[in-house]
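Atoms within each ligand, like the ligands themselves, are counted from 1 in listed order. Starting from 1, each residue takes its place in the sequence as its number. Every value quoted in this text rests on a predicted model; they were computed, and no experiment measured them.
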Amino acid sequence: MNELLTECEKELTPRFMEIEDVAYHNQVKVIEAFSSERVAAMHFSGSTGYGYGDEGRSTLGRVFARAFGAEEGIATPHLLSGTHTLTVALFGVLRPGDEVLCVTGRPYDTLRGVISGKGGGTLEDYGVKFTEIPLLNGWFDLDKIKVKINRNVKMVYVQRSRGYELRDAFSVEEIGELIKFVRELGFLGCVFVDNCYGEFVEKIEPPDVGASVTVGSLIKNPGGGLAPTGGYIVGDKEYINLIGKRLTAPSIGLEVGSFEQGYRTFYEGLFLSPHVVSQAMKTSLLIGLSMSKLGYENFPSIDKMPYDITRAIKFNDEKKMLSFVREIQHASPVDGFADCEPWDMPGYDDPIIMAAGTFVSGASVELSADGPVKPPYIAYFQGGLTYEHGRYALERILAKIA
Ligand SMILES: *Cc1c(COP(=O)(O)O)cnc(C)c1O
């Protein structure tokens, strides 16, 4: 099996060089963001209580904004997960009577219970209408968008990555085309991008093509494997102000928030992120090509450069899917001795099996795999802090299922 991987690596050399070129570009971008915001050791210190004048917190938000090409930003441990970050951003921007057009079909599983349902304080409870427009042959359904955009539509919602759907991630350029299209229709509201898993995969980010609000998790790409928790929101000043008021209180906004442990891991994680993402991307290509050669259909197509760090592998076989996920676990530095079992995770409809032998609990920028255990038995794989770790896991997987 070693020979198969070596053969794949040879074949992937030009693609790997392309990935390294993106990593270099993004590394420079991040360092320049640090230096423009004059990041110094004092910013790593923590604070307690209200955290008034906590420079580490406020500077971190601005560094994120700059690194993503946005006006303003929030990046903080007080955003507890990707779902929480998206929720705060949505409730910050939207008001009763507003309508949201989700142009990428069904949003990510854990968002559905934020959007609709009665009694839990959902967007629906607050009188916000959320309309999903399914993709048409993998592309935005422009005709339907044109029909549905009206005066009440205050937000166009875009999910860059696939979630648990079988479609490819959108590139930033593609999102840019969509934004151009809705702006030409006269849409003046908020273009909102769930950027999870897409950060630093390309040389540009959604704010570069006109996204108003861009959101993601710090235990995915931009935390670089070091951030212990948190989320980020970057975008136009007016929206970040509103979202800041929702994160804390309308009378307070972004003036408060302390974190006694300090912010070094958030800064250092952002610094490492472009490289870490390149390692995850190389791992994804190696898994994609080797599994294709063995006859397993997987997405995105191996002929295409992926636009996020995830890969879906279709097993059509429960045992092989479970083996794949379990070997990712067995190859992990933490809890490598454990066997994963499917469980009913909060926020998901089907039992989910999840391999996450990670240093930061549940961090999917680290080598991880998961998926709902149901036909056609698709495992969703992502991450890897080092390419070597990904290769080692793959050797173990191939020994089990090839
Ligand atoms: C991971 C993810 C989320 C939610 O993030 P959590 O941290 O798991 O709450 C939302 N959208 C997409 C596309 C994701 O990949």
> For Y392, which residues count as a ring pair (Phe, Tyr, Trp, His ring centres under 6.0 Å) partner, sequence neighbours excluded?
Replying inline: none
>> Using only atom types and a distance under 3.5 Å, with no angle test, would you say the side chain of H389 pairs donor to acceptor with the backbone of A331?
In response: yes
>> To check your reading of the model: name the closest protein heavy atom to atom 13 (C) of ligand 1, its residue, and the distance in Å.
In response: D194 OD2, 3.4 Å
> Which ligand 1 atoms are under 4.0 Å away from a heavy-atom of L86?
Replying inline: 10 (C)
>> Taking side-chain hydrogen bond (donor to acceptor under 3.5 Å, both in side chains) as the criterion, tell me which of Q279, E9, K282 meets it with Y387.
In response: E9
> Are F68 and Y232 an aromatic pair by the rule of ring centers under 6.0 Å?
Replying inline: yes
> For ligand 1, which part of T83 has a heavy atom less than 4.0 Å away: the side chain, the backbone, both, or neither?
Replying inline: both
>> Pair K314, E297 - check salt bridge (Lys or Arg N to Asp or Glu O under 4.0 Å), show working.
In response: CA-CA 6 Å; K314 198 166 166 183; E297 200 182 354; 3.5 Å; yes
> With Y197, which residues qualify under ring pair (Phe, Tyr, Trp, His ring centres under 6.0 Å), at least two apart?
Replying inline: none
> Backbone, side chain, both or neither: what part of K220 comes under 4.0 angstrom of ligand 1, heavy atoms only?
Replying inline: side chain
> Honestly, is K220 close enough over Y108, meaning NZ or CZ under 6.0 Å from the six-membered ring centre and within 45° of the axis?
Replying inline: yes
> At a 4.0 Å threshold, what atoms of ligand 1 neighbour a non-hydrogen atom of C196?
Replying inline: 2 (C), 3 (C), 10 (C), 11 (N), 12 (C), 13 (C), 14 (C), 15 (O)
> Tell me, which protein residue and heavy-atom name are nearest atom 6 (P) of ligand 1, and how many Å apart are they?
Replying inline: G82 N, 3.5 Å
> Which part of I219 is near ligand 1, with near meaning a heavy atom under 4.0 Å away: side chain, backbone, both or neither?
Replying inline: neither
>> Would Y108 count as being in polar contact with ligand 1, using the rule that some N or O on each side must be under 3.5 angstrom apart?
In response: no
> Y197 heavy atoms, cut-off 4.0 Å: which ligand 1 atoms fall inside?
Replying inline: 15 (O)
